[in-house]
Amino acid sequence: MEAIKIINSIKDDFKSTIQSMNYFYELFEKVYCKNEPLHNGKTKIGTMCIQIPSEIIYALDGVPIRLCNGFYTDDEIGSDLLTQKACPLVKATVGHFASNNFTDKPDIVFSPTTCDQKTKAGAIVKNFGYKVVDVDFPRTKESEGSREYWRKSIKQFAVELSKFKNKKLTKSNLEVSIKKIGYAQSLYHKLSEYRKQEIAPILGVDMFLITNAFFFDKIDSWIEAMEVLLKEMKTRVDEKINVAGKMSPRIVFTGSPPIFPNYKIPLIIEQSDALIVADETCSSNRMFNDMVAVDEWNLYDMIDSISDKYLKACTCPIFTTNDDRIRRIIDLVKNYKADAVVYQAFAGCTVYEMEQRSVLDAMEKAGIPILYIESDYSPSQQGQLSTRIEAFVESLKTRRRNKNR
Amino acid sequence: MSNLKRKINNMNLVRFRFWFQIVAFLLIVYGGYIGFDLGNKLPTFACVYNGDFTGGKCYLGMLQHDLKHPWETFLGFAGYAFLISLGIFIGWLWLLNKAWCGYVCPLGTMQDWITAFRTKLKIRFSQYDWSSRAKIKPIKWILLILLLIIPVMIANSVFGLPKLPNGLSMPFCDICPGRMLIPAFTGDFGQFYIDFSSKTDLVMTTLGMIIVGLFLIGSFIKKRFFCYFCPMAALQYTFSKPALLKLYKDGSKCTKCGDCYRACDMDILEIADDVTSKNLVTEDCTLCLKCVAACPEEGCLEANFAGKTIFESTKEGFIIRMAMDKKGESS
Ligand code: SF4
Ligand code: SF4
Ligand code: SF4
Ligand code: SF4
Ligand code: SF4
């Protein structure tokens, strides 16, 4: 119900639909409404966060399935198992396991110890009878110790998975998978280039669908769909097709991640005649921005490069300081010529809530308007949220008009 | 962006550097053979012991020689000569800055060859931990000061101390691996010897042999092992600020991903972690530009010559260099 409602409103509420987006609409419908599995016969490796390297999973012939969940129905189940006050993302993820209604059920789950709630969730899921392996994740990223620690964790992860799959990690299979994921990421970057343009060719909610599809889709099909989409983008740009209005304020979205079908806030933003041109969230941009950079293409350096990619460039709020995230947001605003930032924090996600002040201060200093919204997965409060967002968008339009004068 | 600029930013830096270093090596080590000569004040190890073959000469050798004069002479003609020499050295340095190390120095190139050999054998490199890394930093400065003071102390009695023995007249050359290794490339192995004529000579030449051994083994284990201790690097850095070639960083674009740091043979942490400085030519930097090639952020790092960007990091360049621009095999 939730799923189809969202898909339909993305499809129908906006002008000039992109033909090649149909692949993604159908994909989500297939997986989340019709429950048709995609990976029969493959080993499915569940991951509880962004930090588990898909490169190693593909190299060992597994399929990574990211289990971060956006369903309110699962959130409600999770509420009974955890505490009402917990983060809806974690509740929904645990709820998903409790209800066991997977389209592609994971054969093993790797759970990095990122935020407190995720860390505990791993253990709770284990009690349901799933095979869960914790992957130690450090809470600082500047120190030498944390880098070494995480490199060790990744090696350990590779060993565990290699044992589970009974397959050896080699220079050639890892190199192939690094380059394949790198290629997929390069397509994302190409698409993002279009979003920098004055005439916006694609909606933010469409982008979230595309990036969220990477959680579970067959990578080859995803790549193909992206190639088709990029071709269409080019003709749309040549024909100057704009998905938003001329005066629509451009938004950078940050904070707790929009995960299908919880696109509540992004949808309201775009229904209020603003446009999300970029994001800084772990369900989207953060998955694609950094590619693995290898200096010596041998196993030892590839594994270290992979580890560093998942730690050093990560802007997750669970780390001690987070100037990197602030710098990144400002850079996105500049590059994508955005007018403002919208910061979503899930009620119960203490780390995003706590980081709010420092981000707000930094934006004020940089002269960038920002709207902070606390939200959850429930369908209520819709009206109140719309009013706030609409008022914000209006103020941005006024600001723009004044600037143009 | 013009097409040429794009081509440069997309280039395969590793290959470019490999061939550049070979050409530079040939010119420096064999250039004399075809009458190529860049003079004797080069900011790089073009060894004087390489006789007629050398395509230029190392200023460090020259400098030690120049300093071995009594005080009085510095006030006269020798003083002028010294300043002019230093001026010419600085001139060369300003042209390429520390890229003499990353692109020209035969000892640097040799170490890179040894690294390439190790990579072929699929043997992992080692790294210093951060605290050791910090501890070895002053060594090159100490060596530089010693090689400046000792010749002076041979010709003069400093603070009433007795003059040093003449056997120390080229103290750094005695222990410099260039003295033995570079002539070896022109078939002259004559520098591999231990001199028993005096105690000082014995000690210094033995030390020299040991250091050559360390050079060969060290650079197999650790990339650019010798450069961490090189007094030439220290001398270069002293005059590097006004040089024309620069490595610039725009910290606002940096994600601190550390890709540059991992590519850096000199393990320079600042290249990734410093997001406020503009000039990132640090004391150990060899201006090899590997960091620029490894950075995925548009315009975050750049090589700049006299105010003009000549090579900068771009997403496209990164993707091409990592061979991520094509679909590749599907599994
Ligand atoms: S949104 Fe916050 S609490 Fe929830 S999983 Fe992410 S970091 Fe943890
Ligand atoms: S021995 Fe070393 S310092 Fe002396 S001239 Fe040769 S290269 Fe230069
Ligand atoms: S640091 Fe010394 S040995 Fe290394 S490249 Fe530079 S001059 Fe040559
Ligand atoms: S590679 Fe570029 S973005 Fe990454 S840390 Fe280095 S300078 Fe910053
Ligand atoms: S900082 Fe960059 S240019 Fe300097 S040595 Fe390291 S990789 Fe080379």
Side-chain angles (χ1 to χ4, degrees), chain A residues 58-59 61 141-145 147-148 171-173 175-187 189-190 192-193 219-220 223-224 227 286 289-301 303-305 307-309 311-315 323-325 327-328 330-331 334-335 366, chain B residues 14 115-116 118-133 223 250-265 267 269 272-273 275-276 290-291 293-300 313-316 318-331:
Chain A
Y58 281 119
D61 220 11
K141 54 175 179 170
E142 283 79 15
S143 74
E144 181 179 26
R147 179 187 237 132
E148 291 305 321
K171 170 182 151 64
S172 59
N173 62 25
E175 185 172 342
V176 169
S177 83
I178 288 178
K179 288 181 176 165
K180 179 182 265 182
I181 292 183
Y183 178 66
Q185 289 175 301
S186 80
L187 298 177
H189 285 298
K190 270 195 193 140
S192 299
E193 269 316 297
I219 185 165
D220 291 318
I223 286 175
E224 247 164 66
E227 286 169 338
R286 212 180 292 154
N289 190 61
D290 289 279
M291 294 155 277
V292 176
V294 185
D295 187 34
E296 293 181 7
W297 287 92
N298 286 324
L299 208 47
Y300 55 79
D301 201 30
I303 294 198
D304 282 357
S305 311
S307 318
D308 283 8
K309 176 207 146 178
L311 175 69
K312 295 303 286 182
C314 185
T315 43
D323 304 336
D324 296 352
R325 179 160 167 246
R327 226 174 28 256
R328 179 108 190 99
I330 295 177
D331 191 49
K334 236 191 321 186
N335 272 331
Chain B
V14 175
T115 296
R118 174 187 51 72
T119 314
K120 279 256 144 45
L121 298 179
K122 298 189 187 164
I123 295 173
R124 198 192 194 294
F125 52 84
S126 337
Q127 267 175 316
Y128 295 108
D129 57 52
W130 289 2
S131 67
S132 317
R133 175 77 187 81
K223 294 184 243 186
D250 179 348
S252 70
K253 295 177 175 163
C254 174
T255 61
K256 279 207 198 159
C257 65
D259 291 355
C260 51
Y261 165 74
R262 212 158 1 77
C264 178
D265 294 345
D267 297 353
L269 263 176
D273 288 355
V275 290
T276 46
K290 276 177 81 183
C291 51
C295 175
E297 294 302 326
E298 208 78 24
C300 182
S313 56
T314 59
K315 205 142 248 159
E316 189 185 32
F318 173 93
I319 287 167
I320 291 173
R321 282 186 284 272
M322 292 294 157
M324 289 169 174
D325 55 330
K326 282 176 281 309
K327 204 183 246 172
E329 315 143 55
S330 57
S331 53

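Letters A, B, ... are given to chains in the order of the sequence lines, protein chains preceding strands, and every chain is numbered from 1.
Taking A:V292, A:N173, A:L187, A:T315 one by one and counting their heavy-atom pairs under 4.5 Å with chain B, the maximum is reached by A:V292. In terms of heavy-atom pairs under 4.5 Å with chain B, the best-connected choice from A:R147, A:K309, A:E142, A:E148 is A:R147. Contact tally against chain B (heavy-atom pairs below 4.5 Å) for A:D308, A:I181, A:L311: the top residue is A:D308. For the set B:G258, B:C295, B:C254, the count of heavy-atom pairs under 4.5 angstrom toward chain A peaks at B:C254.
Note that CG of B:D273 and NZ of A:K312 are 5.5 Å apart. Values are rounded to the nearest 0.5 Å. Here the CG-CZ distance, from A:D290 to B:F318, works out to 8.0 Å after rounding to the nearest 0.5 Å. How far CE of B:M324 is from CD1 of A:I178: 6.5 Å, rounded to the nearest 0.5 Å. The distance from atom CG of A:D301 to atom CZ of B:R124, rounded to the nearest 0.5 Å, is 7.0 Å. Atom CZ of residue A:R328 and atom OG of residue B:S252 lie 11.5 Å apart, to the nearest 0.5 angstrom. Going from atom OG1 of B:T255 over to atom CZ of A:R327 covers 8.0 Å, rounded to the nearest 0.5 Å.
Only the side chain of A:E227 comes within less than 4.5 Å of a heavy atom of chain B; its backbone N, CA, C and O stay farther away. With a 4.5 Å cut-off on non-hydrogen atoms, A:S192 does not touch chain B at all. Using a 4.5 Å cut-off between heavy atoms, B:K315 contacts chain A through its side chain alone, with no backbone atom that close. Looking at A:K334, the atoms closer than 4.5 Å to chain B (heavy atoms on both sides) all sit in the side chain, from C-beta outward. Heavy atoms closer than 4.5 Å to chain B are found nowhere in A:D323, neither backbone nor side chain. For B:K120, no part sits under 4.5 Å from any heavy atom of chain A, backbone or side chain. Of the two parts of A:R325, neither the backbone nor the side chain holds a non-hydrogen atom closer than 4.5 Å to a non-hydrogen atom of chain B. Residue B:V14: no heavy atom, backbone or side chain, is found under 4.5 Å from chain A. For A:I330, no part lies near chain B; criterion is any non-hydrogen pair under 4.5 Å.
Within the 4.5 Å cutoff, no side-chain heavy atoms of B:I319 are placed close to those of A:K190. The closest side-chain heavy-atom distance from B:R118 to A:E296 is below 4.5 Å. Two residues are said to be in side-chain contact when any heavy atoms from C-beta on lie closer than 4.5 Å; B:P296 and A:H189 fail this criterion. Under the 4.5 Å side-chain criterion, counting only non-hydrogen atoms from C-beta, B:K290 is in contact with A:D295.
Within 6.0 Å of NZ on B:K122 lie no more than 12 heavy atoms contributed by other residues, nucleotides or ligands.
Listed here is the closest heavy atom pair of A:W297 and B:M322: CZ2-SD, 3.9 Å. For the pair B:A294 and A:A293, the tightest heavy-atom approach, listed with the atom from each and the gap, is O-CB, 4.5 Å.
When atom types are taken as modelled, the side chain of A:N298 and the backbone of B:T119 share a donor-acceptor pair closer than 3.5 angstrom.
B:R133 has no carboxylate O lying under 4.0 Å from a charged side-chain N of A:E144, or vice versa, which leaves the two without a salt bridge.
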